Number of protein chains: 2
Amino acid sequence: MATTKEKIVTLGDKLIRDKGYNAFSYYDIAPALKVNNAAIHYHFPTKTDLGEAVVDCHSEKFTAFTQSITAQSEIEQLKSFLELFHRISDDNRVCLVGALAPELPSLNKSMRQKLTTFVKTTLDWLTAILERGRKKGDFNFSGTARTRALMVITNIFAWVQISRITGEKDFQAIKTAILNDISR
Amino acid sequence: MATTKEKIVTLGDKLIRDKGYNAFSYYDIAPALKVNNAAIHYHFPTKTDLGEAVVDCHSEKFTAFTQSITAQSEIEQLKSFLELFHRISDDNRVCLVGALAPELPSLNKSMRQKLTTFVKTTLDWLTAILERGRKKGDFNFSGTARTRALMVITNIFAWVQISRITGEKDFQAIKTAILNDISR
DNA sequence: GTCTATATTCCGATAGAC
DNA sequence: GTCTATCGGAATATAGAC
């Protein structure tokens, strides 16, 4: 059973990834959770506090995610990572970084810092996966693993945003192309 | 000499791509252009009217851009296209679609429709460039031209967002990788 | 076409009772 | 920890003079 505080973070996350940080308000949360506006302020005194909690939540979930799949091969780990975005796209939302990056100058310093750490953690993890997979001969690509990690992540990252506009839902074609690009 | 109306659109565009549609207000524009808040409402009665004008402006500029480079080879046209995003990244902003997609549900129907048309126009143009270049033997990639256009556009599209967070400004590595991926 | 002044709505936030 | 009630500020928008 989730606590009210946890429910607020979960819903706040959904709202941010649905219409953005600046577009949602406490009045989107209160009726949905059947609590009062003031109750949300009890748990998160300022909107920024809630925003930071949402980013923290993603950091924790990502760590749990990567640890849960360490036994998989590099190819399987990459596929599992791509699946995360598949689910985001099915939800008709965008990823947290994609939601916040365009609003960056309107966010406070602490939120920006947490976001930066989260992005770096994600990129480092993906870079390491690609590097290890290449050493084993499972992946084959030119250039640095870092650049390739950026290529892969930008593909799925932007896909969820663009598919939202075009209405196109064929994630499979992108996934196949991504995997094909690193297995020449 | 630009009219006040044109200046408002230009600044509105910059503001949207700096901090998002919902984060900017008419009070960001009035002092900067040394006109009154009410003057902006004279030209654009509602904020949505301004938003639509910004999207229209991008559509017109994109058409002018593609027509200005029809004499170039497909490779050169692609490079010119990538340069557009290079400039956006140097400005520390994001592209219009990247700014609006995460806020989509908070935008009115007319703005969403204009945005959809703009995205489809861009994708169709890039798809055609890749298809023609492949027929001539200048490009070499597997899969459909459409999917490849999506791969290219997502690479630069998301790069400008991510580089904003990481502070990384090495656009060259991405450009090289993009061109390399379609010239095997 | 731009101004002053103001209406109105919404949102983030707080005080104080239970 | 949640409630009622409310403050204060910001943002969209309008009325009417120049």
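Every chain is numbered from 1 and lettered A, B, ... according to where its sequence line falls, protein lines coming before strand lines. Because the structure is a prediction, the values reported are computed rather than measured.
- The two residues S59(A) and F118(A) have their closest heavy-atom pair at OG-CD1, 3.6 Å.
- A search for salt bridge (charged side-chain N to carboxylate O under 4.0 Å, His left out) contacts involving K136(B) returns E74(B), not counting sequence neighbours.
- The phosphate of dT2(D) has neither OP1 nor OP2 within less than 4.0 Å of any side-chain N or O from Y42(A).
- Distances from the side chain of V35(B) to the nucleotides dG12(C), dA13(D), dC3(C) place dC3(C) closest.
- In this structure, I29(B) atom CD1 and dT2(C) atom P are separated by 13 Å, rounded to whole Å.
- For K47(A) and Y21(A), the positive end sits near the middle of the six-membered ring, less than 6.0 Å away and at most 45° from its axis.
- With respect to the salt-bridge test (charged N to carboxylate O, under 4.0 angstrom), the residues R17(B) and D91(B) do not qualify.
- L84(B) and L96(B) fall within a single hydrophobic cluster, where Ile, Leu, Val, Met, Phe, Trp and Tyr side chains are chained together by heavy-atom contacts under 4.5 Å.
- If you check every strand for non-hydrogen atoms under 4.0 Å, F44(B) touches nothing.
- Look at N37(B) and you won't find any side-chain N or O under 4.0 angstrom from OP1 or OP2 of dA11(D).
- One interatomic measurement links the two molecules: OH of Y26(A) to P of dT4(D), which rounds to 18 Å at whole-angstrom precision.
- Note: CG (L107(B)) to P (dT12(D)) measures 14 Å, nearest angstrom.
- Rounding to whole angstrom units, NZ of residue K47(A) and P of dC10(C) are separated by 15 Å.
- Residue K5(A) is classed as having no contact, given no heavy-atom separation below 4.0 Å to the nucleic acid.
- Going from atom NZ of K7(A) over to atom P of dG1(D) covers 14 Å, rounded to whole Å.
- Side-chain nitrogen and oxygen atoms of T4(B) include at least one within less than 4.0 Å of the OP1 or OP2 phosphate oxygen of dT2(C).
- Rounded to an integer number of Å, the gap from N108(B) CG to dT12(D) C1' is 14 Å.
- At the phosphate of dC11(C), neither OP1 nor OP2 sits under 4.0 Å from any side-chain N or O atom of Y27(A).
- For K34(A) and dT2(D), the NZ to P distance is 15 Å, given to the nearest whole Å.
- Closest to the side chain of A38(B), from the set dC3(C), dT14(C), dT12(D), is dC3(C).
- With dC3(C), dG12(C), dT12(D) as the choices, the nucleotide that has an atom nearest any side-chain atom of N36(B) turns out to be dC3(C).
- A sub-4.0 Å separation between OP1 or OP2 of dT2(D) and a side-chain N or O of H41(A) is absent.
- Summarising the geometry, the separation between CG on L50(B) and P on dA11(D) is reported as 15 Å, rounded to the nearest angstrom.
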